[in-house]
Amino acid sequence: MVSDAQKRAKQKWDSKNKDKNRVYRYRSYARKFIRDLATDDDLRELQKMIDKRFSE
């Protein structure tokens with residue numbers, strides 16, 4: 001059970017850290033996609049995008 005104080009503290013942190021929350025959420029989505037949903041073609045495309053990003 002989460003106390004009301006903890007809920008308020010989380011809401012306060014979330015409101016002050018919207019960008020961090022977005023990064024955490026998108027990172028989670030990406031990992032889930034790669035782990036559970038991506039086809040071989042998807043993974044090849046992602047690998048090309050990652051390689052290109054590293055070379056920039």
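Quick note: numbers below take in every heavy atom, side chains included, and nothing from hydrogens, waters or symmetry partners. All values reported here derive from a predicted model rather than from experimental measurement.
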Test applied, side chain to side chain contact (heavy atoms under 4.5 Å, CB included); reference residue, Asp14; option that passes from Lys16, Lys10, Gln11:
Lys10
Phe33 side, atom CZ; Leu46 side, atom CG - distance, nearest 0.5 Å
6.0 Å
Under a 3.5 Å distance rule, please check whether Asn21 uses its side chain to pair with a backbone N or O of Lys18 as donor and acceptor.
no
Shortest non-hydrogen contact from Gln6 toward Met1:
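Smallest heavy-atom distance, with atoms named: OE1-O, 4.4 Å.
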Nearest non-hydrogen partners of Ser15 and Lys12, listed with the distance:
OG-O, 2.8 Å
Could you go through Leu43 and Gln47, starting from their C-alpha distance and side-chain angles, then the distance that decides it, and tell me whether this counts as side chain to side chain contact (heavy atoms under 4.5 Å, CB included)?
CA-CA 6 Å; Leu43 294 173; Gln47 186 64 52; over 6 Å; no
Chi angles and distances behind the side chain to side chain contact (heavy atoms under 4.5 Å, CB included) call for Tyr24, Arg27:
CA-CA 5 Å; Tyr24 295 152; Arg27 184 183 300 138; 3.8 Å; yes
Below 4.0 angstrom, N of the basic side chain to O of the carboxylate: do Arg44 and Asp41 qualify?
yes
Kindly indicate, with the supporting measurements, whether the criterion side chain to side chain contact (heavy atoms under 4.5 Å, CB included) is fulfilled by Ile50 and Arg53.
CA-CA 5 Å; Ile50 291 167; Arg53 176 75 185 266; 5.6 Å; no
